[in-house]
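Heads up: numbering here begins at 1 and tracks the sequence.
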Amino acid sequence: RGYCMKVKITYLPGEERQAEVLHNCAKELLKPVKVNRSDRHAPYKHIYISTEKQPGTSCKNAESMV
């Protein structure tokens with residue numbers, strides 16, 4: 001199964017609380033999701049959230065929701 005929408009939260013030390021609030025809100029709104037975390041690009045930390053591709057949809061042809 002593939003993943004479609006991707007959200008990246010980038011934050012600095014001291015902003016962990018706000019990043020967790022955003023992470024929890026996005027996870028609740030977009031579920032089911034896959035979540036990865038990274039601290040490879042110091043001093044920044046990242047939370048990557050990807051939604052699961054829904055059956056019968058094509059991520060490449062999806063209309064913009066913005």
Side-chain angles (χ1 to χ4, degrees):
R1 203 168 172 168
Y3 290 87
C4 252
M5 183 187 302
K6 295 182 178 158
V7 176
K8 177 171 73 170
I9 301 170
T10 303
Y11 61 100
L12 291 167
E15 299 175 328
E16 289 90 353
R17 185 175 159 272
Q18 295 96 323
E20 282 302 315
V21 169
L22 289 171
H23 163 242
N24 290 331
C25 289
K27 193 169 71 170
E28 185 65 29
L29 285 171
L30 302 172
K31 61 184 166 184
V33 297
K34 177 181 173 184
V35 177
N36 290 313
R37 294 174 180 266
S38 171
D39 59 358
R40 292 186 302 176
H41 303 287
Y44 299 100
K45 295 183 178 187
H46 298 90
I47 301 173
Y48 300 96
I49 304 168
S50 301
T51 62
E52 290 189 10
K53 182 179 179 299
Q54 299 301 312
T57 63
S58 171
C59 294
K60 292 180 183 178
N61 296 327
E63 290 183 29
S64 173
M65 298 296 286
V66 178

request  = Go through Lys8 and Ile47 one step at a time and tell me if the side-chain contact (heavy atoms from CB on, under 4.5 Å) criterion holds.
outcome  = CA-CA 6 Å; Lys8 177 171 73 170; Ile47 301 173; over 6 Å; no
query = Do Leu29 and Val35 sit in the same hydrophobic cluster, where Ile, Leu, Val, Met, Phe, Trp and Tyr count as joined when their side-chain heavy atoms come under 4.5 Å apart?
reply = yes
message = Do Asn24 and Leu22 make a side-chain contact, defined as non-hydrogen atoms from C-beta onward lying under 4.5 Å apart?
response = no
task = Nearest 0.5 Å please: distance from the CD1 atom of Ile49 over to the CZ atom of Arg37.
result = 8.5 Å
inquiry  = Check whether Glu20 reaches the backbone of Gln18 with its side chain - one donor and one acceptor, N or O, closer than 3.5 Å.
reply    = no
query = Roughly how far, to the nearest 0.5 Å, is the NZ atom of Lys6 from the NZ atom of Lys34?
reply = 8.5 Å
message = Between Leu30 and Val7, is there a side-chain heavy-atom distance shorter than 4.5 Å?
response = yes
key: pair His46-Ile9: side-chain heavy atoms closer than 4.5 Å   = no
key: Closest approach of Pro13 to Pro43 (non-hydrogen atoms, all atoms of both residues)   = CD-O, 3.2 Å
His23 side chain near Glu16 side chain, heavy-atom distance below 4.5 Å = no
